[in-house]
Number of protein chains: 2
Amino acid sequence: MSPRTGEQNAQIKDERREQILTAALKVFALRGFAATRVGDVAAEAGLSHGLVYHYFASKEEMFYELVSRAVYYSGQSLVMVDGMPIEPIEKVRQTAKYIMGGIEAGQETSYYFLVVIHAGVMESSPERDKFFQGSTVAVDTMEKILREGQRMGQVREGNPAEMSVMFFSAIMGLAVYNITMPGFRMPDPELLVSMVSK
Amino acid sequence: MSPRTGEQNAQIKDERREQILTAALKVFALRGFAATRVGDVAAEAGLSHGLVYHYFASKEEMFYELVSRAVYYSGQSLVMVDGMPIEPIEKVRQTAKYIMGGIEAGQETSYYFLVVIHAGVMESSPERDKFFQGSTVAVDTMEKILREGQRMGQVREGNPAEMSVMFFSAIMGLAVYNITMPGFRMPDPELLVSMVSK
DNA sequence: GTCTATATCCAGATAGAC
DNA sequence: GTCTATCTGGATATAGAC
């Protein structure tokens, strides 16, 4: 084989893998891990059942690849917001607006949150627990933002770690609500901001 | 058979049924519907696998009996709180303290919330959707409390329906957090109160 | 790389003994 | 009323053809 063909193959392989993961994200988010059949993912991706196993060793591996990405992306978004040249309370506002908008739109943002929720409420296992140990970047970054906001007199008194947890709890709950109730209307993000602002 | 024996049998039947439901509540809450095996419930209840089917037609029926109770109980708690001779903002405070305390203790309160969450994130079905149509009592009652609080100048301006949804979203998220993270420490309920108070 | 066919296992549900 | 044994369907994962 020439290098050219090898490269092309590698590219196809990557594309297929992403194609499967995109389908899997949606299906896992909407049904959870146990209720999802590998055949459902294959159908959503428009591929054969067997091919999925050419790219992933197991249904579990596929799922945790998504959980892993979800945790990583959520951490990165917060780090990015934190890097913006705006005031702390404005960072909180941007985060609330961005995430809630994404959930309401029912796209990837929403799916990633739901996958994390499904993973969280799954029966505990070594595999599962591993992913929630490195999952504190988003919460920790928000805590840091809130602490800074307190120093600048923009954020109310109280434990910033607890506030951060409450912030993300509310967002997770909204993701659940949004998928539970058809026709759910997202509340004003400003409510979340007011929870922590002075 | 004498009437006496009939009554005794009926009582045993009721007790067994409750015994099974108590076990099922815990197992469903911790694993979700699809991942729960009927054998798991039987084992938790200390009964044989087959006996469960003497009391319930299917795994689904068992699950939705629990969802139904969860929805009913949560509605009733709110109605009860609303009936107390205290100020609106104090009703909000009592609700937050009571529910968050129950979740932290990891007992029935927590399990009922988790069952509702599992039901909510399950794939949509006619069976499932039925239960979420009559499930608005708690949210509606909280909305009413908040509206009254606004009239009395205790609750901040804004859409009380949205505030109520946000309130319960945060609580659902906390239930998820609590089961996701081992050693999770519940935030101060006062944070939730401050979200809606003036 | 992709598909179809199949092996294998496991869980929901039932039957029948006690 | 309770249990053990069993039927049966369906889902994960694999094998092998193209």
Just how far, in rounded Å, is [atom2] of [N] from [atom1] of [X]?
X	N	atom1	atom2	value
Glu15(B)	dT2(D)	CD	C1'	15 Å
Phe56(A)	dT2(C)	CZ	P	13 Å
Asn9(A)	dG1(C)	CG	C1'	8 Å
Glu61(A)	dA13(D)	CD	C1'	13 Å
Leu51(B)	dT14(C)	CG	P	14 Å
Asp14(A)	dG1(C)	CG	C1'	14 Å

So that I can tick it off, tell me whether [Y] and [X] are bridged by a salt bridge, with the cut-off set at under 4.0 angstrom between side-chain N and carboxylate O.
X	Y	answer
Asp14(A)	Arg17(A)	no
Glu190(B)	Arg93(B)	yes
Arg185(A)	Glu104(A)	no

Side-chain donor/acceptor of Asn178(A) to backbone N/O of Ile103(A), under 3.5 Å: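 Yes; at least one donor-acceptor contact below 3.5 Å.
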side-chain contact (heavy atoms from CB on, under 4.5 Å), paired with Phe131(B), selected from Glu127(B), Arg128(B), Gln133(B):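 Testing Phe131(B) for a side-chain contact (heavy atoms from CB on, under 4.5 Å) against Glu127(B), Arg128(B), Gln133(B) leaves exactly one candidate, Glu127(B).
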Given Leu78(A), which of Asp140(A), Val139(A), Thr95(A), Val137(A) fulfils the side-chain contact (heavy atoms from CB on, under 4.5 Å) condition?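 Going through Asp140(A), Val139(A), Thr95(A), Val137(A) one by one, the side-chain contact (heavy atoms from CB on, under 4.5 Å) with Leu78(A) is satisfied by Thr95(A) alone.
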Hey, does the side chain of Arg16(B) come within less than 4.0 Å of dG1(D)'s phosphate (OP1/OP2), counting only N and O?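 For dG1(D), OP1/OP2 do not have a side-chain N/O of Arg16(B) under 4.0 Å.
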OP1 or OP2 of dG1(C) less than 4.0 angstrom from a side-chain nitrogen or oxygen of His54(A), does that happen here?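 Affirmative; the distance criterion is met.
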Sugar-phosphate, base or nothing in reach of Tyr55(B), heavy atoms under 4.0 Å: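 Tyr55(B): backbone/sugar contact only, no base atoms under 4.0 Å.
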More than 12 heavy atoms of other residues, nucleotides or ligands under 6.0 Å from CZ of Arg69(B): yes or no?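 Count over threshold, so yes.
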Should we say atom NZ of Lys26(A) is surrounded by more than 12 heavy atoms from elsewhere, each under 6.0 Å from it?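 No, NZ of Lys26(A) has 12 or fewer neighbouring heavy atoms, counting only those of other groups under 6.0 Å.
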Find every protein N or O atom lying less than 3.5 Å from an N or O atom of nucleotides 9-12 of chain D, and list the pairs.
residue: dA11(D); atom: OP1; partner: Arg37(A); partner atom: NH1; Å: 2.8
residue: dT12(D); atom: OP1; partner: Thr36(A); partner atom: O; Å: 3.2
residue: dT12(D); atom: OP1; partner: Val38(A); partner atom: N; Å: 3.3
residue: dT12(D); atom: OP1; partner: Lys59(A); partner atom: NZ; Å: 3.3
residue: dT12(D); atom: OP2; partner: Val38(A); partner atom: N; Å: 3.1

Between Leu192(A) and Met166(B), which heavy-atom pair has the shortest distance, and what is it?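 Result for this residue pair: CG-CE, 3.8 Å.
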DNA chain C contacts among residues 20-29 of chain A, heavy-atom distance under 4.0 Å: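 DNA chain C contact set from residues 20-29 of chain A: none.
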Could you give the distance from OG (Ser124(A)) to CZ (Arg31(B)), rounded to the nearest 0.5 Å?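 Rounded to the nearest 0.5 Å, the OG-CZ separation comes to 11.0 Å.
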Considering only nitrogen or oxygen atoms on both sides, find all protein atoms under 3.5 Å from nucleotides 15-17 of chain C and state each distance.
none

Could you point out which residue of Glu87(A), Glu148(A), Glu90(A) forms a side chain to side chain donor-acceptor pair (under 3.5 Å) with Gln154(A)?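 It is Glu87(A), the one option of Glu87(A), Glu148(A), Glu90(A) that forms the side chain to side chain donor-acceptor pair (under 3.5 Å) with Gln154(A).
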